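Notes for the one structure printed next.
Computed from a prediction, not measured in an experiment: that's the story for all the values here. Below, chains carry the letters A, B, ... as their sequence lines are ordered, and counting in each starts from 1.
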Amino acid sequence: MIPKLKRQQIMDLLSSGRRVDGRGLEDLRPVEIRCRSVKNAEGSAEVRLGKTLAIAGVKTSIGTPFADTPDMGVMIVNAEFLPIASPTFEPGPPDENAIELARVIDRGLRRAEMIDLKQLCIVPGKAVWEVWIDIHALNHDGNLMDASALAAVAAILTAEVPKAMVNEKGEVTINKSERQRLPIKSIPITVTMAKIGDKLVVDPNLDEEEVADAFLTATFVDDKVCAIQKRGERGLTAEETMKALQIARQKAHELLKTVREVVGGG
Amino acid sequence: MIPKLKRQQIMDLLSSGRRVDGRGLEDLRPVEIRCRSVKNAEGSAEVRLGKTLAIAGVKTSIGTPFADTPDMGVMIVNAEFLPIASPTFEPGPPDENAIELARVIDRGLRRAEMIDLKQLCIVPGKAVWEVWIDIHALNHDGNLMDASALAAVAAILTAEVPKAMVNEKGEVTINKSERQRLPIKSIPITVTMAKIGDKLVVDPNLDEEEVADAFLTATFVDDKVCAIQKRGERGLTAEETMKALQIARQKAHELLKTVREVVGGG
Amino acid sequence: MIPKLKRQQIMDLLSSGRRVDGRGLEDLRPVEIRCRSVKNAEGSAEVRLGKTLAIAGVKTSIGTPFADTPDMGVMIVNAEFLPIASPTFEPGPPDENAIELARVIDRGLRRAEMIDLKQLCIVPGKAVWEVWIDIHALNHDGNLMDASALAAVAAILTAEVPKAMVNEKGEVTINKSERQRLPIKSIPITVTMAKIGDKLVVDPNLDEEEVADAFLTATFVDDKVCAIQKRGERGLTAEETMKALQIARQKAHELLKTVREVVGGG
Amino acid sequence: MSIKSKELTLISPDGRRLDGRRPDEIRELKIKAGILENADGSAYVEQGNTKIYAAVYGPREVHPRHLALPNRAVIRCRYHMTPFSVEERKSPAPTRREIELSKVIREALTPAIIVEQFPSSAIDVFIEVINADGSTRCASIIAASVALASAGIPMKDLVAACSVGKINGVLVLDVTDVEDKYGEVDMPFAMMPNRNEITLLQLDGILGPEEIEKAISMAAKACKEIYEKQKNALKERYIELRKTVEEGFRT
Amino acid sequence: MSIKSKELTLISPDGRRLDGRRPDEIRELKIKAGILENADGSAYVEQGNTKIYAAVYGPREVHPRHLALPNRAVIRCRYHMTPFSVEERKSPAPTRREIELSKVIREALTPAIIVEQFPSSAIDVFIEVINADGSTRCASIIAASVALASAGIPMKDLVAACSVGKINGVLVLDVTDVEDKYGEVDMPFAMMPNRNEITLLQLDGILGPEEIEKAISMAAKACKEIYEKQKNALKERYIELRKTVEEGFRT
Amino acid sequence: MSIKSKELTLISPDGRRLDGRRPDEIRELKIKAGILENADGSAYVEQGNTKIYAAVYGPREVHPRHLALPNRAVIRCRYHMTPFSVEERKSPAPTRREIELSKVIREALTPAIIVEQFPSSAIDVFIEVINADGSTRCASIIAASVALASAGIPMKDLVAACSVGKINGVLVLDVTDVEDKYGEVDMPFAMMPNRNEITLLQLDGILGPEEIEKAISMAAKACKEIYEKQKNALKERYIELRKTVEEGFRT
């Protein structure tokens with residue numbers, strides 16, 4: 001009933017080119033990025049996308065590489081939808097939505113090769129840097145995906161990690177006083193489109209998310225796509241898909257500019 | 001109510017020497033064994049016992065031996081009652097029935113010394129073969145125990161495992177191209193009897209399982225018993241026990257013949 | 001309703017200086033300590049405090065020290081509120097009450113330095129003794145905290161642990177036949193006070209626990225306090241706090257005397 | 001987590017893949033409906049060495065009750081791999097990957113199900129991967145879709161699925177495990193061929209805009225081919241059932 | 001998981017076991033009923049160095065409700081070992097072994113309980129092994145059976161239990177830990193002596209048909225002896241309770 | 001678990017601590033109410049480098065229902081640290097420490113809440129530690145207390161909190177991480193300043209009777225100071241809200 005009414009209202013507005021929060025169909029909400037607020041993290045960023053708030057922290061530690069990639073560092077992305085962020089989130093291990101979000105962001109970072117994992121090898125086959133990227137939702141007003149991805153990217157870009165040294169005995173030691181940036185190869189940007197009726201909107205807020213038919217999340221690096229995830233309980237035509245990707249690409253440009261302004265990154 | 005009626009109907013039939021599915025009291029259901037269908041497993045077998053379907057897979061890996069048996073390989077049996085197999089099975093970690101089944105099969109294999117674990121030692125105290133036997137129920141129409149045990153035995157008999165080599169430095173390497181059979185010492189066969197009223201029946205189907213008073217599962221190797229498990233919420237007399245074991249022994253002979261025909265095993 | 005009546009009845013009695021079980025406000029229940037009943041534990045004690053029954057066992061094993069304390073043994077305290085002990089306890093991992101109890105006892109033992117962890121170092125940075133102290137509630141009639149703490153202390157005092165030896169190769173071996181006491185530096189004693197209305201009572205039983213406003217648990221070593229935990233859903237004034245600590249200190253003296261009589265400890 | 005050795009030749013100069021297929025060719029696909037007797041509907045799919053069982057239970061009661069929806073059926077889906085289905089034994093506990101795949105498979109199937117027909121009830125889709133050789137989520141969707149139809153669940157369309165990969169620069173259909181590991185791209189795809197709706201689309205790897213368009217069109221074409229095989233499997237099942245019933249009458 | 005060194009002499013040429021017992025002799029057995037005040041019924045059993053507490057709660061409400069049965073009581077049983085009860089500290093989380101033993105102990109006790117008397121309710125049996133020196137499941141059944149009776153649960157019979165082992169070729173009663181580890185066979189056994197029904201039978205080890213028959217007959221005989229001790233413990237408890245009541249009247 | 005190097009000078013001869021504070025001085029304390037829009041009430045607290053978000057949801061329905069109390073609200077509290085808030089990354093799963101702290105924080109807040117006003121309902125307090133630099137439970141209580149008040153939950157008083165430490169023999173207020181690790185004592189403390197009731201008191205370290213009395217009196221004094229800042233934050237929030245409403249009217 002009420003969701004149906006809300007859907008109708010949102011669709012009526014959309015058909016006249018407007019959205020519930022006053023935006024145009026292809027407008028992002030205001031973006032705020034605040035880096036380095038967490039002293040105990042090597043990197044951190046809080047990102048506000050309208051009223052949606054996510055925080056990402058980067059921590060590093062020494063670990064052993066995977067057997068099939070002995071000369072590459074290890075990157076782990078984890079996301080928690082904290083009960084603090086929404087009346088619908090419950091304490092406990094990540095549910096399918098949090099897991100999907102973490103894995104989509106992970107694929108984007110990995111395929112864009114944002115962090116050059118080869119440069120994170122210390123002793124091949126023995127010791128590499130592990131980079132932990134933890135994402136926490138703090139306030140959920142829709143599109144946690146893009147806010148989280150942006151927070152992860154900003155935290156990685158501004159991280160300052162200690163130096164590892166190998167002494168004569170082959171032992172690895174860490175020098176915490178001398179810090180350096182992570183080796184960055186590219187900046188992937190993630191943009192989510194929602195399909196509501198026959199309209200496509202960018203950066204859906206919570207009201208829109210609740211009534212949307214489907215979502216298309218795409219991660220861009222240098223005008224190419226490196227990760228896509230269609231979500232939601234209805235389908236999209238091939239034409240809608242291509243159009244959504246095209247709009248998302250433009251928005252990714254905008255966001256990339258914002259990121260560069262804030263962090264001065266690569 | 002309905003279980004009571006079903007029980008009465010089954011007992012009436014039994015008193016005239018017949019069973020709900022037309023079998024005699026000491027008849028097994030038709031047995032089908034299909035080996036080596038899982039390419040990624042070193043050994044595998046799908047077993048149909050009537051409409052009951054179970055699959056077992058054998059995987060090997062290099063591990064360290066237990067401290068108190070430094071010169072023996074390690075065998076682990078695990079069973080999952082998948083929700084695919086029955087409307088009453090739920091996703092999640094194995095319940096007490098799945099755990100009991102795995103442990104009863106494990107004891108049978110272990111006490112029969114089916115796999116000669118001593119021959120699976122690579123470097124005493126350091127490196128041994130671990131043999132993982134995973135059993136999955138796919139369709140549950142009664143007596144998952146015997147179907148699972150048979151699948152495990154057939155998968156072990158037909159497994160082809162890689163060769164381990166120790167180089168000059170004492171490092172263990174695996175040669176996946178050169179494969180060999182597991183070292184087999186015997187073929188244990190598991191047979192379950194159900195007690196319904198004062199009758200004993202072999203290989204109970206699901207209807208019979210639901211109304212049975214008690215079960216006796218026995219594993220035979222060379223005419224001796226190496227594992228017994230009484231199950232169910234009612235008791236058995238000593239005479240019933242001995243009679244059940246005697247019938248089960250004959251059935252084990254039958255099944256052993258079938259196994260030998262299919263896999264040509266030792 | 002019924003808790004309210006019970007509370008009224010208990011408060012009426014208290015205002016005339018009596019308690020539901022006939023004790024005075026500052027009387028402990030009878031204490032019984034029975035040590036060394038568990039053959040497989042290096043140390044053990046069953047403690048009865050009135051009808052409350054707790055058992056503690058001490059087990060030791062060789063482990064690696066924490067990175068920041070390479071020359072110190074490791075002590076782990078764990079508590080389980082078994083369903084055997086109370087109709088309100090459920091099977092499963094320890095709940096917040098069991099965890100709090102274990103952590104309060106842990107802090108008392110640690111801050112009193114009861115076990116001299118430095119003497120439990122075998123090879124600095126490599127091998128140290130781990131001392132596991134497991135506490136199980138068997139019958140809960142109030143004040144599991146003090147019964148558990150006492151059981152832990154008595155089990156530690158009477159423990160006889162094997163000797164560790166380091167051979168020429170630097171390998172650690174255990175000599176189980178030659179046993180010795182743990183290195184003891186002090187005997188911490190834990191006493192719990194309950195506030196009911198404006199009265200303070202020592203060693204609350206279950207009825208009193210259920211109606212109490214707040215609790216103050218303090219652990220004493222040589223007349224000083226080494227751990228405090230205020231519990232319960234209401235507050236205490238500073239004056240009540242100081243008075244509770246003063247009474248508890250006297251009771252700790254009594255209990256210390258009992259412990260010394262039973263175990264002849266340091 | 002995989003060695004990326006760009007030198008590995010996954011496709012020969014004359015356009016043949018390691019298993020002899022052309023880029024736009026799918027592997028041999030066997031579909032058998034109604035193979036598991038307990039389930040309300042079921043299917044077994046073999047696509048090359050990828051082997052999958054799917055079972056459907058429902059519509060049935062929802063436990064716990066508060067998960068039920070008053071105006072539609074809840075679709076639940078579990079994609080699960082047997083420990084022995086992959087090269088290194090995996091623990092039977094669900095991994096993060098299995099949890100994500102369960103979600104996207106459910107979202108690929110749901111658009112085809114007329115959920116309004118069964119308010120307050122659940123339809124459970126259970127998928128077991130017996131052997132994994134690439135494209136398991138697509139094969140799962142093929143199997144689950146047939147299992148749903150064979151359970152008599154009313155559907156708007158079947159869902160067909162096929163992955164697209166990119167190996168040595170060439171777009172290819174129906175990716176194998178080795179092509180996934182050593183190739184550049186994996187793009188799982190599902191659609192309702194009759195309604196022309198994409199219900200699953202994932203991309204893991206870099207593609208330019210034209211490549212995406214081409215990949216989608218290749219996948220859509222393959223889905224139409226697979227769709228026919230799904231319908232055939234259902235027809236065979238129907239004939240089989242009719243025979244059983246008729247035999248029942250005769251005896 | 002155990003060293004099998006057949007050379008280890010577990011029984012001397014004159015038929016004495018390591019602890020001096022003859023083959024058909026059980027260890028000293030102490031049973032005390034009603035030791036835990038909170039429980040509706042309880043018992044403490046010492047059989048040599050095997051020490052066990054059992055408590056019974058119930059009949060009581062079932063949570064969650066849907067587990068209740070309309071026409072009978074649900075029997076629930078938890079066999080649990082304290083971390084310090086065994087040589088190597090065990091985690092307090094239930095192991096697969098403890099889960100299996102909980103099941104077989106429950107199935108050993110259930111036949112003796114008149115479950116129809118308490119529809120829609122639960123009877124909970126909790127067992128804690130304080131020290132384990134072999135035959136813990138049999139000692140658990142002895143204790144739980146007394147705890148059930150002392151809780152006033154109506155029963156058809158008590159359940160007595162005794163294990164049979166085979167050491168150096170000889171069948172023996174009431175197996176210790178060392179006899180279990182280094183011996184050839186462990187056969188836990190339980191029965192209702194008065195009704196002559198076997199309610200638990202497990203075999204871990206190789207026995208021929210005649211040996212099984214002999215082992216069962218030895219175990220049945222031991223159970224009759226243990227049965228008397230169980231009844232004595234209940235009598236003592238009854239006398240104790242009567243005394244308490246009478247003292248209550250006097251004061 | 002911490003290196004105790006008594007030689008480390010945590011306080012200089014002229015009574016200054018590592019961060020320049022005097023013993024009876026608390027760190028700069030920023031409190032902002034109403035920062036998380038979804039919550040019914042929320043607050044952000046920065047005390048030096050300790051940074052905390054608190055959110056309150058409720059009064060709302062209790063799930064599962066049987067946890068509800070007929071005559072009062074249930075207060076639930078979760079204290080949680082983000083994995084990156086501490087020096088070594090911690091797993092996001094709750095540790096035993098977090099479970100204990102959730103309990104004592106709940107018991108520190110509950111005395112201030114008029115729970116009788118909302119029978120059969122729950123009030124949930126969620127705390128996230130973003131960066132930990134000592135005294136996180138006290139900062140959590142400060143934040144949660146403001147969040148509760150800003151959610152409109154009727155309260156008898158605010159709860160203020162401050163830890164006392166002992167470093168190189170001197171009692172100090174508002175302990176930092178390094179003072180906790182290398183100091184002798186940590187004594188977390190909370191009270192309702194207006195009602196003069198202590199609602200949290202823990203001691204981890206050795207203190208004599210006079211020291212305890214002094215520590216409590218120092219903490220109580222600090223709580224009065226913090227109390228004013230809490231009230232200010234609520235006033236600012238009120239002004240902010242009024243402005244929003246008035247702007248709403250104007251447009």
Measuring heavy-atom distances to chain B, does [X] have an atom under 4.5 Å in its side chain, in its backbone, in both, or in neither?
X	result
Glu46(D)	side chain
His63(D)	neither
Arg78(D)	side chain
Ser85(D)	backbone

How about [atom1] on [X], more than 12 heavy atoms from neighbouring residues, nucleotides or ligands closer than 6.0 Å, or not?
X	atom1	answer
Arg179(B)	CZ	yes
Lys51(B)	NZ	no
Glu240(D)	CD	yes
Glu88(D)	CD	no

What distance separates [X] [atom1] from [Y] [atom2], expressed to the nearest 0.5 Å?
X	Y	atom1	atom2	answer
Glu46(B)	Ile130(D)	CD	CD1	6.5 Å
Leu206(B)	Asn38(D)	CG	CG	7.0 Å
His80(D)	Leu82(B)	NE2	CG	6.5 Å
Tyr53(D)	Leu138(B)	OH	CG	6.0 Å

Is there side-chain contact between [X] and [Y], with at least one heavy-atom pair below 4.5 Å?
X	Y	result
His140(B)	Leu36(D)	no
Phe84(D)	Ile133(B)	no
Pro83(D)	His136(B)	yes

(message) What I want to find out is whether Arg48(B) reaches Glu37(D) closely enough, with some N-O distance under 4.0 Å, to be called a salt bridge.
(response) yes

(request) May I ask you to decide whether Lys176(B) forms a salt bridge with Glu87(D), counting only side-chain N to carboxylate O separations under 4.0 Å? (result) yes

Please check if the side chain of [X] supplies one atom and the backbone of [Y] the other of a donor-acceptor pair under 3.5 Å.
X	Y	result
Lys39(B)	Asp133(D)	no
Asn131(D)	Asn40(B)	yes
Tyr57(D)	Thr88(B)	no
Lys51(D)	Ser37(B)	yes

Measure [X] against the heavy atoms of chain D and call it side chain, backbone, both or neither at under 4.5 Å.
X	value
Ile84(B)	both
Leu53(B)	side chain
Ser86(B)	both
Pro93(B)	neither

(request) For side chain to side chain contact (heavy atoms under 4.5 Å, CB included), just list the numbers for Glu80(B) and Thr82(D), CA-CA rounded to whole Å, side-chain angles, deciding distance to a tenth of an Å, and then say yes or no. (result) CA-CA 9 Å; Glu80(B) 305 274 321; Thr82(D) 57; over 6 Å; no

(request) Give the minimum heavy-atom separation between Pro92(D) and Asn78(B), together with the two atoms involved. (result) CG-ND2, 3.5 Å

(message) If I compare all heavy atoms of Pro87(B) with all of Arg60(D), which pair ends up nearest, and what's the gap?
(response) O-NH1, 3.4 Å

